[in-house]
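The figures that follow rest on heavy atoms only: side chains count, while hydrogens, waters and symmetry mates do not. Quantities reported herein were computed from a predicted structural model and do not represent experimental measurements.
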Amino acid sequence: MRRAGHIELALGPRPVGVPLQRWLYETLRAAILEGSLAPGARLPSSRDLAARAMLSRGTVLGVFAQLQAEGYLTGAVGRGSYVTRELPDRRIDKMAARGAAPLAPLSEPHAVQAIALSARGRLLARSPFALGGRGAPARAFRASQPDLDAFPFDLWTRIAARRARRTRRDLLGDGEALGYRPLREAIAAYVGVSRGIACTAEHVAVLGSVQQAIDLGARLVLDPGDTAWIEDPGYPGARRVLEAAGARVAGVPVDAHGFDVEWARAHAGAARLAYVTAGRQAPLGPALSLERRLALLEWARGAGALIIEDDYDSEYRFEGNPLAAMKSLDGAGHVIYCGTFSKLLFPALRVAYAVVPDALVDAFAAAWSLTGRHVPLDTQSVLHAFIAEGHFGRHVRRMRMLYGERAQTLETAAKRHLAGLLHVPRPIAGLDAPAFFRPGTDDAAMAQRAARAGLETRALSFYAVDRAAAPGLVLGFASIDCAAIEAGVVTLTRALA
């Protein structure tokens with residue numbers, strides 16, 4: 001009988017980049033399944049195989065242990081390793097052929113029950129977001145994205161490297177539920193100056209997105225069947241989250257003064273929550289007037305309701321200073337104010353924040369610790385340094401000027417080329433602008449025409465809630481330069497004509 005030490009195994013070359021242990025495991029498993037190593041065959045000793053394959057013995061022992069755990073090998077110390085007589089793959093095949101379940105019998109012998117989504121699951125499965133992401137370079141007229149080429153990535157990288165070299169123990173643990181305290185202090189200072197919001201770090205929660213703030217706020221105050229008000233047309237991501245929380249979502253009309261509070265009180269029933277984009281309404285653009293801000297706050301105080309104020313991009317205001325937030329008027333504590341760095345800096349950062357009223361801070365922190373824990377502390381640390389060293393303020397000021405030039409370019413080019421086809425009101429803030437067709441136009445069909453011409457647009461009908469939106473497109477201008485905007489307008493004119 002041949003000794004195991006004399007068995008020759010044909011081990012092919014290891015592909016570039018494949019770890020040694022993975023390569024050996026896949027080679028031995030393939031040999032077993034293909035029959036090169038027949039059932040009952042004895043393998044070389046781990047010491048002998050390691051010497052011949054020029055591997056460490058620990059690597060070979062690790063592979064043997066994995067194959068044994070998966071049922072391909074059997075054996076014991078001192079007796080050698082053998083291929084099992086009946087391979088696990090073949091046992092599964094036999095059970096399937098008999099109609100038997102591998103793990104546990106089903107209630108009906110030959111039935112396989114599909115996993116059914118819950119009512120909440122079916123709503124969550126209807127995401128309005130592109131699940132494949134938008135990794136390709138921006139084209140005219142991608143909305144809701146800053147100019148990634150204008151971000152100082154070299155500076156950001158240097159700060160990240162410096163922080164990594166000085167990593168402290170407090171950045172290796174769990175940290176506070178509401179986020180990295182120095183970053184929360186910096187955010188509190190920033191919104192105090194730029195938005196007029198009087199708050200401390202105790203009121204600030206660092207999140208992965210504004211979407212999470214909306215979700216947590218809804219889950220904290222809404223029971224199934226409660227009414228939530230939302231702008232109509234309005235942000236689809238908020239609508240889906242509120243519906244998934246069990247709310248009856250009521251769309252409230254938007255006009256030149258923003259969210260129509262009196263209409264909501266008269267026609268949309270008793271609500272427990274209102275979601276508004278007060279600084280720059282998404283997608284139409286007007287700011288919520290002071291009169292309506294005060295009316296909405298009065299309603300919330302009287303109803304014991306929550307307002308979620310999503311201030312997603314109004315830092316980029318091209319005429320005058322950024323408006324004070326509605327939260328700055330909230331003396332009774334009924335507003336959660338939300339902002340995001342993903343639109344101010346770059347989308348992959350995935351850092352947003354919420355300023356939470358006193359009465360909800362503890363509940364919000366507990367809910368966040370259950371559902372999301374916190375954004376990675378090293379990312380928060382780098383962002384804090386970026387803000388504390390003054391880079392954030394300089395970047396926002398520089399981008400405000402750059403995006404203002406691009407907004408002007410879009411307005412001028414639209415007047416020159418799109419007159420009679422598409423009206424683009426003067427953009428005064430944000431990353432994109434609405435553009436309106438004549439009444440009765442099918443804006444979804446027009447968006448498809450633009451897409452066939454290589455343009456990225458979004459139909460205003462995409463934002464409709466309870467009533468048809470005025471037909472139009474959302475045109476992003478921040479993510480592309482002035483030359484691309486000019487060329488995009490010319491292409492759009494040809495596509496629509």
Fill in: Non-hydrogen side-chain atoms of P283 and P233 separated by less than 4.5 Å
yes
Item to complete: Using a 4.5 Å cut-off on heavy atoms from C-beta on, say whether the side chain of T340 contacts that of L344.
Response: no
Practice prompt. Can you see which heavy atom on A218 is nearest to which on A245, and at what distance?
Written response: CB-CB, 4.0 Å
Worksheet item: Can you pull the salt bridge (Lys or Arg N to Asp or Glu O under 4.0 Å) pairs that have at least one residue in residues 287-311, sequence neighbours excluded?
Response: R195-D311, D255-R292
Worksheet item: Without hydrogens or angle criteria, can the side chains of R239 and Y275 be said to hold a donor-acceptor pair below 3.5 Å?
Response: no
Discussion item. How about CZ on R162, more than 12 heavy atoms from neighbouring residues, nucleotides or ligands closer than 6.0 Å, or not?
Written reply: yes
Worksheet entry | Quiz item: cation-pi between R29 and W23, 6.0 Å / 45° | no
Discussion item. Can you classify the ring geometry of F259 versus W229 as parallel (below 30°), tilted (30 to 60°) or perpendicular (above 60°)?
Written reply: tilted
Discussion item. Whether the side chain of R139 engages the backbone of G454 through a donor-acceptor N/O pair (distance < 3.5 Å, no angle test) should be reported.
Written reply: yes
Practice prompt. Step by step, work out the side-chain contact (heavy atoms from CB on, under 4.5 Å) result for F318 and Y403.
Written response: CA-CA 8 Å; F318 316 129; Y403 297 161; 3.8 Å; yes
Worksheet item: How about Y235 and Y312: are their ring centres within less than 6.0 Å of each other?
Response: no
Discussion item. Assess whether a salt bridge exists between D232 and R467, defined as any Lys/Arg side-chain N lying under 4.0 Å from an Asp/Glu carboxylate O.
Written reply: yes
Worksheet item: Could you give the distance from CG (L284) to CG (L460), rounded to the nearest 0.5 Å?
Response: 6.5 Å
Item to complete: Give a yes or no on whether the backbone of G258 and the side-chain of Q281 come within a donor-acceptor separation of less than 3.5 Å.
Response: no
Item to complete: Consider only side-chain N and O atoms of E70 and Y25, and report whether a donor and an acceptor are under 3.5 Å apart.
Response: yes
Discussion item. What verdict does the salt bridge (charged side-chain N to carboxylate O under 4.0 Å, His left out) test give for E176 and R184, after you've listed the backbone C-alpha separation in whole Å, the side-chain angles of each residue and the deciding distance to 0.1 Å?
Written reply: CA-CA 11 Å; E176 296 182 55; R184 289 159 53 207; 3.1 Å; yes
Item to complete: Keeping the roles fixed (side chain from E456, backbone from A451), state whether a donor-acceptor pair exists under 3.5 Å.
Response: no
Practice prompt. State whether the side chain of D260 and the backbone N or O of P253 hold a donor-acceptor pair below 3.5 Å, judged by distance alone.
Written response: no
Worksheet item: What heavy-atom pair brings H203 and D358 nearest, and what distance separates the two atoms?
Response: NE2-OD1, 2.6 Å
Worksheet item: How many angstroms lie between atom CG of L349 and atom OG of S209, to the nearest 0.5 angstrom?
Response: 12.0 Å
Worksheet item: Among side-chain atoms of S381 and R163, is any donor-acceptor pair under 3.5 angstrom?
Response: yes
Worksheet item: Testing R398, R406, R400 for side-chain contact (heavy atoms from CB on, under 4.5 Å) with L402, which one passes?
Response: R406
Practice prompt. Specify the closest pair of heavy atoms between V210 and C338, including all atoms of both residues, with the distance to one decimal.
Written response: CG1-CB, 3.9 Å
Worksheet item: When the ring centroid of F346 is compared with that of F153, is the distance short of 6.0 Å?
Response: yes
Worksheet item: Checking side-chain contact (heavy atoms from CB on, under 4.5 Å) for the pair I428/R317: CA distance, chi angles, key distance, verdict?
Response: CA-CA 6 Å; I428 61 171; R317 189 169 186 83; 3.7 Å; yes
Discussion item. Run the side-chain contact (heavy atoms from CB on, under 4.5 Å) test on V276 and I307 for me, step by step, so that the C-alpha distance in whole Å, both residues' side-chain angles and the decisive distance to 0.1 Å come before the verdict.
Written reply: CA-CA 7 Å; V276 293; I307 301 168; 4.0 Å; yes
Fill in: Listed partners of R394 passing side-chain hydrogen bond (donor to acceptor under 3.5 Å, both in side chains), at least two apart
H391
Practice prompt. Determine the interplanar angle of the Y337 and Y353 rings, folded into 0 to 90°, and report it as parallel if under 30°, tilted if 30 to 60°, perpendicular if over 60°.
Written response: tilted
Item to complete: Output yes when a side-chain donor or acceptor of K327 lies under 3.5 Å from a complementary backbone atom of I197, and no otherwise.
Response: no
Worksheet item: What class does the angle between the rings of F386 and F392 fall in, given that below 30° is parallel, 30 to 60° is tilted and above 60° is perpendicular?
Response: perpendicular
Worksheet item: With a 4.5 Å heavy-atom cut-off, do I387 and L183 have their side chains touching?
Response: yes
Worksheet entry | R181 side chain near E185 side chain, heavy-atom distance below 4.5 Å | yes
Worksheet item: Between L288, D432, L431, which is the residue that forms a side-chain contact (heavy atoms from CB on, under 4.5 Å) with R280?
Response: D432
Fill in: From CA spacing to verdict: side-chain contact (heavy atoms from CB on, under 4.5 Å), I187, V206
CA-CA 9 Å; I187 291 171; V206 179; 4.3 Å; yes
Worksheet entry | Side chain proximity check, D147 to I480, heavy atoms < 4.5 angstrom | no
Practice prompt. Please determine which of F341, W156, F151 meets the ring pair (Phe, Tyr, Trp, His ring centres under 6.0 Å) test together with H395.
Written response: F151
Discussion item. When you measure from the side chain of R142 to the backbone of G476, do you find a donor-acceptor pair of N or O atoms at a distance under 3.5 Å?
Written reply: no
Worksheet item: With distance as the sole criterion, is a donor-acceptor pair present between the side chains of E231 and T277 under 3.5 Å?
Response: yes
Worksheet item: Do NZ/NE/NH1/NH2 and the carboxylate oxygens of D154 and R158 come within less than 4.0 Å?
Response: no
Worksheet item: Does the side chain of P236 reach to within under 4.5 Å of the side chain of Y463, using non-hydrogen atoms?
Response: yes
Worksheet item: Are the side chain of R350 and the backbone N or O of V375 linked by a donor-acceptor pair below 3.5 Å?
Response: no
Practice prompt. With the side chain counted from C-beta on, respond yes when M326 and L296 share a heavy-atom pair under 4.5 Å apart, and no when they do not.
Written response: yes
